[in-house]
Amino acid sequence: MPTINPDRVLAELNYLRTIGAYKTGVHRPTLSKEDIFVRQWLVDRMREAGLDARIDGIGNILGKTDVIGRIMLAGSHIETQNHAGWLDGALGVIYALETARAVREDSSLHGIGVDVAVFCDEEGHFGSFLGSRSFIGEVDEAEIDRAKQVSLGTPLREALAAAGYAGRARFVMDPSRNVGFFEAHIEQGAVLERSGNRIGIVSAIVGMWQYEITVEGEQNHAGTTPMELRRDAGLALVRLLNVIDVRFRALADPRTVWTTGKIFFDPGARSIIPGRAHALFQIRDTEVAILERLENALHELVKEANATGPCALSVVRASASQPAQMDERFIKVLATVAQQEAPGRFIHMPSGAAHDAQFIARKLPTAMMFVPSIRGISHHWSEDTSDEDIVLGAKVFANAIVLALKTSRVDP
Ligand SMILES: [Zn+2]
């Protein structure tokens with residue numbers, strides 16, 4: 001098995017933390033000055049590690065090994081959410097880089113190698129998983145033309161030109177080159193910490209189905225309109241959300257989650273009965289059958305509410321990402337290695353958050369592994385993981401990739 005260098009892993013993660021430092025976290029949005037600097041820094045590290053590393057026309061970095069044999073693709077993303085944590089993305093990138101180095105430095109590991117991928121804009125500053133979707137050939141030029149920085153409005157084309165990436169060809173995955181894809185990530189939840197576990201082996205990444213619920217009522221005076229004459233869109237919406245919650249509890253799996261993220265009342269004033277109300281609602285689960293069951297229930301409940309009146313309700317599906325099942329063989333490999341490195345302190349779990357691995361899984365057998373997040377905090381500058389857990393995770397990740405490559409039956 002390869003020997004990772006724990007000091008190197010911690011030193012590089014701590015160095016990355018200084019580029020765009022914000023309190024104890026990092027503010028490094030996609031294609032910001034700091035993000036561009038870090039991309040080049042990673043290319044330099046990959047080249048030092050003997051990889052043929054370049055940045056493509058959408059900001060993806062790919063470092064290819066010169067090994068002829070069985071090659072794993074590994075990686076994650078390097079930009080952060082605004083004013084967020086130091087490990088979200090960076091951890092998986094440094095684990096992949098360290099694994100590539102450790103494999104190369106071990107002369108007993110002939111004929112196996114690791115390609116390192118850093119997917120641009122996983123955090124959605126310009127779009128939805130642009131880097132990993134581009135890598136699997138699902139982003140056309142028109143989508144890049146349309147993409148703008150969500151908070152600043154800067155066109156992606158302009159940002160790519162400023163970074164010096166414009167006009168470069170985009171990398172497209174060659175599934176015949178890689179045995180599979182491995183991504184490590186912080187859990188971003190508290191399941192591992194609360195259960196005293198140190199490694200999470202992802203079984204599947206949830207699909208997220210999003211809806212817009214609209215209620216049409218009648219705007220009127222809040223003092224002079226008797227209760228029985230009202231068509232209060234706000235009240236109708238809140239009642240619907242309540243019955244959704246009750247019905248879903250009866251139909252869902254223990255790990256299904258649903259959320260009303262935003263409610264608007266129109267006109268939204270203290271003394272006016274809302275004439276219109278609108279909600280953003282989403283459901284996440286790893287099983288399409290459950291997502292479909294809940295979606296059907298959602299439509300039935302809207303129908304029932306319309307039958308009762310007095311308002312007109314409607315629901316529209318805004319988007320639906322498909323759940324991604326992780327590769328069964330890789331899951332077993334991760335469990336074997338986790339049992340060696342952290343006996344009895346690992347679990348199998350779904351990923352409630354979306355990741356690049358979800359898209360790569362459409363083309364390659366894919367695995368994901370989590371390390372604990374202290375107090376379950378992520379997408380916040382206080383996000384953290386203990387050094388011991390970071391080092392353990394790096395070992396499990398590297399060993400699992402090597403075991404998966406050594407036991408791969410068929411050369412890709
Ligand atoms: Zn992430």
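Everything numeric in this text was worked out from a predicted model, so none of it was measured. The first residue in the sequence is number 1, and the count goes up from there. Note that ligands are numbered from 1 as they come in the structure, with each ligand's atoms numbered from 1 the same way.
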Go through the steps to decide whether Thr154 and Gln149 satisfy the test side chain to side chain donor-acceptor pair (under 3.5 Å), and finish with yes or no. CA-CA 5 Å; Thr154 315; Gln149 224 277 5; 6.0 Å; no
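- In this pair, His278 and Phe264 present their aromatic rings tilted. The plane angle is within the 30 to 60° band.
- Relative orientation of the Tyr22 and His83 rings is tilted, given thresholds of 30° and 60° on the angle between their planes.
- Shown are the protein N/O/S atoms under 2.8 Å from the Zn ion (ligand 1), given by residue and atom: His77 NE2, Asp88 OD1, His185 NE2.
- Ring orientation note: the planes of Phe397 and Phe182 are nearly perpendicular, at an angle over 60° on the 30°/60° scale.
- Between Phe119 and Phe181, the two ring planes are perpendicular [angle over 60°; tilted spans 30° to 60°].
- Taking OG of Ser378 as the start and CG of Leu87 as the end, the distance is 9.0 Å to the nearest 0.5 Å.
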